[in-house]
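So the structure is just underneath, and the comments pick up after that.
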Amino acid sequence: MTDDDAPEVPVVCEACDTTTRVPLSEVADAIERHNEQVHDGDDIAQVDPEIVKHVTDLAAKDMSVFEDEA
C-alpha cells in the first residue's frame with residue numbers, strides 16, 4: 001500500500017472549528033503537533049468521536065463483549 005492508498009482518518013478540533021483528514025499512520029503525530037502548536041499542549045484536537053465510537057463497537061463485538069453471559 002502506498003501513501004496515496006493509505007486510509008485517512010478525520011481529525012476534529014472543535015476549538016478551531018476544523019476537520020482534517022490525516023493518513024492513519026500520521027494521526028497521533030498530527031494531533032500531538034496541532035495541540036502543541038495551537039493549544040499549548042492541551043488535548044483539544046482528536047480523532048472524530050464518531051469514528052472512535054464505531055471502532056470501539058467493532059472491537060467489543062469482535063471480543064464478544066456484548067454477548068449474553070448465560
Discussion item. Suppose the criterion is salt bridge (Lys or Arg N to Asp or Glu O under 4.0 Å): which pairs have a residue in residues 41-56, not counting sequence neighbours?
Written reply: Lys53-Asp57
Discussion item. Check whether Arg21 reaches the backbone of Glu8 with its side chain - one donor and one acceptor, N or O, closer than 3.5 Å.
Written reply: yes
Discussion item. For residues 5-27, which residue pairs pass the ring pair (Phe, Tyr, Trp, His ring centres under 6.0 Å) check, not counting sequence neighbours?
Written reply: none
Practice prompt. Answer yes if Ile51 and Ile44 sit in the same cluster of Ile, Leu, Val, Met, Phe, Trp and Tyr residues linked by side chain heavy atoms under 4.5 Å apart, and no otherwise.
Written response: no
Fill in: ring pair (Phe, Tyr, Trp, His ring centres under 6.0 Å) contacts touching residues 7-31 (sequence neighbours left out)
none
Response to the item:
Residues pairing under ring pair (Phe, Tyr, Trp, His ring centres under 6.0 Å) where one sits in residues 11-52, two or more places apart or in two chains, turn out to be His34-His39
Worksheet item: Residues in side-chain contact (heavy atoms from CB on, under 4.5 Å) with Val52, at least two apart?
Response: Val47, Thr56
Worksheet item: How would you list all residue pairs meeting ring pair (Phe, Tyr, Trp, His ring centres under 6.0 Å) that involve residues 6-31, not counting sequence neighbours?
Response: none
Fill in: Nearest heavy atoms of Asn35 and Ala45, plus distance in Å
OD1-N, 2.9 Å
Fill in: Hphob cluster co-occupancy, Val12 + Val9, side-chain heavy atoms under 4.5 angstrom
no
Worksheet item: Can you tell if the side chain of Val38 reaches within under 4.5 Å of the side chain of Cys16, non-hydrogen atoms only?
Response: yes
